[in-house]
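Scroll down for the structure; my scribbles are underneath it.
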Amino acid sequence: MLKKPRGTRDFLPDEMEQRRDIEGRMRETACRWGYREICTPEFEELELFTIRSGEGIIGEMYVFEDKGGRMMALRPELTAPVLRMYVNEGKTLPKPLRWHYFADCFRYERPQKGRYRQFWQFGVELIGVDSPLAEAEVILLAEESLSAAGISFSIHVGHLALMRSLLAGLPDEEQKRIRRFLDKKDFNGLYDHLVPAGKADLFNALTRLVSCRDLGEVFDITGDLPERKRIEELFMILDQSGIPYTLDPGIARGLDYYTGMVFEAFAGNLGAENQVLGGGTYRLAHLFGGEDTPSCGFAIGFDRVMVSRGEQAPPHRLVAGIAHTPEGREWALAVSRDFRAAGIRTELDLSGRSLGQQLSRIAKSADYALILGQRESMNRMVTIKDLRSGVQKELPLTDAVREVIGSEPR
RNA sequence: GCCAGGGUGGGGUAGUUGGUCAUCCUAGGGGACUGUGGAUCCCCCGACCCGGGUUCGAGUCUCGGCCCUGGCCCCA
């Protein structure tokens with residue numbers, strides 16, 4: 001028997017309905033903020049992803065040669081494609097650009113909880129503005145998107161300038177190494193790395209900085225920075241907006257293309273992979289042949305959000321099943337047309353068996369049974385049985401439709 | 001790439017010191033019952049992850065692989 005590829009999943013209707021429900025809430029949130037949906041290709045030229053990340057990531061991508069001999073890759077993320085799209089066709093649009101996407105990505109990694117080889121990301125990019133208010137907007141939208149998804153989470157916000165000021169003057173390699181320690185919260189490793197080398201002051205400053213949760217104290221540690229005013233303004237806006245967040249100068253976000261504000265969100269119920277969102281301010285457009293353009297965005301790991309929600313009953317939609325006899329078939333088709341036109345999920349019996357058998361089948365999956373035989377057909381009436389209460393009525397068609405719609409929850 | 005624990009019908013399970021082409025529940029399919037059958041009765045479908053080894057004989061022991069579930073690494 002053939003099986004699905006490792007790290008991929010099949011979704012049955014119950015699960016698919018839940019995913020669409022949550023996806024729809026996030027989309028709707030973004031649209032309300034003016035972030036309209038875009039779509040980019042499932043695969044891109046390999047170079048798009050290696051240009052800033054190096055060749056090393058090829059091993060974690062689905063890479064293939066197309067029939068024309070071009071090296072292609074299934075997209076491992078959306079930020080680079082979206083910025084490529086911006087450079088190709090968005091340059092002349094009025095700024096700022098507010099875009100959102102919901103798309104599947106592919107990474108060749110070892111599957112584990114909340115991590116799959118095909119996974120979905122919901123994200124936004126705000127392109128062409130560079131201000132504390134823009135950064136705050138992205139954070140606020142992230143908060144609202146996760147809330148709309150119905151999970152509990154915490155948002156951590158930091159700024160790369162803080163740590164960079166302490167590391168200024170060190171070689172790139174060394175900075176990277178130190179950030180690695182801090183990202184893993186490996187303070188023992190950091191101690192062994194710095195203190196014997198005579199950098200005890202740096203060690204102390206760094207450890208104080210990453211655990212600091214007060215902006216005033218942060219600047220006591222770093223001293224005055226050119227970015228100070230801007231950073232203070234960002235956090236002032238966040239405070240004014242009233243959203244819950246944690247100041248976290250320790251966020252390093254391993255990546256090289258972030259330039260300023262960085263933020264992450266974490267949720268429970270997820271094991272080792274508890275980060276559900278990452279984002280920040282970055283500059284990428286110039287790498288793809290465009291002008292240097294400030295941008296800000298985030299991406300949500302949609303599958304992790306679904307794991308974090310846990311097992312939940314799918315939203316219930318009422319179902320009407322139609323049992324009919326040969327004499328009632330024409331009437332049954334007319335009735336089902338009207339029911340569907342009214343938005344009711346309506347399933348017509350296809351077996352042609354006795355009414356009893358049809359009802360027995362309908363009762364397994366439907367909330368209402370409609371019985372349409374010779375009698376109903378002649379009188380243009382609908383026998384409708386509420387399968388939950390057992391109450392049965394004979395009504396004109398429009399009243400039968402109203403009966404079902406009237407009992408729809410919500 | 002590394003580590004741990006696991007793979008018996010679609011789902012959940014029983015299976016002794018190796019010993020009849022494997023238990024039970026559930027789901028699914030079919031039939032009887034000809035307008036209430038959401039019932040009842042009958043029948044059917046369908047599994048030892050794959051491959052090598054030990055053995056007269058392997059679901060059971062052993063080795064390798066694959067896959068699943070977690071953890072590490074990584075996380076653009």
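Every chain is numbered from 1, with letters handed out A, B, ... down the list of sequences.
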Does Arg375(A) have any side chain to side chain donor-acceptor pair (under 3.5 Å) partners at least two apart in sequence or in another chain, and if so, which? none
List the residues meeting side-chain contact (heavy atoms from CB on, under 4.5 Å) with Asn88(A), not counting sequence neighbours, and say none if there are none. Arg84(A)
In whole Å, I'd like the distance from the CD1 atom of Ile362(A) to the P atom of rG35(B). 14 Å
What pairs of residues pass the side-chain hydrogen bond (donor to acceptor under 3.5 Å, both in side chains) test when at least one of them lies in residues 153-163 of chain A, not counting sequence neighbours? His156(A)-Asp248(A)
Distance check, P atoms only: rG51(B) and rA58(B), in whole angstrom units. 14 Å
Any ring pair (Phe, Tyr, Trp, His ring centres under 6.0 Å) involving residues 4-31 of chain A? Give me the pairs, sequence neighbours left out, ordered by first then second residue. Phe11(A)-Trp120(A)
Short of 4.0 Å, heavy atom to strand atom, which residues of residues 348-357 of chain A count as contacting RNA chain B? Arg353(A), Leu355(A), Gly356(A), Gln357(A)
Could you tell me whether a side-chain N or O of Asp21(A) sits under 3.5 Å from a main-chain N or O of Gly24(A), the two making a donor and an acceptor? no
Heavy atoms only, 4.0 Å cut-off, all strands: where does Glu376(A) land among base, sugar-phosphate and nothing? base
Taking the six-membered ring of Trp331(A), is the NZ or CZ of Arg380(A) close enough (under 6.0 Å from the centre) and on axis enough (within 45°)? yes
Which base, if any, makes a Watson-Crick or G-U wobble pair with rU55(B), both distances under 3.5 Å? none
Given atom CZ of Arg117(A) and atom C1' of rC74(B), what is their separation to the nearest angstrom? 13 Å
rA4(B): pairing nucleotide in any strand, Watson-Crick or G-U under 3.5 angstrom: rU69(B)
Got a sec, which pairs hit ring pair (Phe, Tyr, Trp, His ring centres under 6.0 Å) with one end in residues 358-380 of chain A, sequence neighbours left out? none
Opposite nucleotide pairing with rC45(B), Watson-Crick or G-U, both atom distances under 3.5 Å: none
In whole angstroms, the gap separating C1' of rA27(B) from CZ of Arg361(A) amounts to 12 Å
Sequence neighbours left out, what passes side chain to side chain donor-acceptor pair (under 3.5 Å) with Arg27(A)? Give chain and number order. Glu23(A), Glu37(A)
Across all chains, not counting sequence neighbours, the ring pair (Phe, Tyr, Trp, His ring centres under 6.0 Å) partners of Phe203(A) are Tyr191(A)
Shorter than 3.5 Å, N or O on both sides, protein versus nucleotides 68-72 of chain B: list them out with atom names.
{"unit_1": "rC68(B)", "atom_1": "OP2", "unit_2": "Arg6(A)", "atom_2": "NH1", "d": "2.2"}
{"unit_1": "rG70(B)", "atom_1": "OP2", "unit_2": "Lys113(A)", "atom_2": "N", "d": "2.9"}
{"unit_1": "rG71(B)", "atom_1": "OP1", "unit_2": "Ala272(A)", "atom_2": "N", "d": "2.3"}
{"unit_1": "rG71(B)", "atom_1": "OP2", "unit_2": "Gln112(A)", "atom_2": "OE1", "d": "3.4"}

Take the protein atom CZ of Arg179(A) and the nucleotide atom P of rC74(B), then report the distance between them rounded to whole Å. 14 Å
When rounded to whole Å, the CD1 to P distance for the pair Ile371(A) and rG37(B) reads 10 Å
Write down the distance separating the C1' atoms in rG65(B) and rG30(B), rounded off to the nearest Å. 41 Å
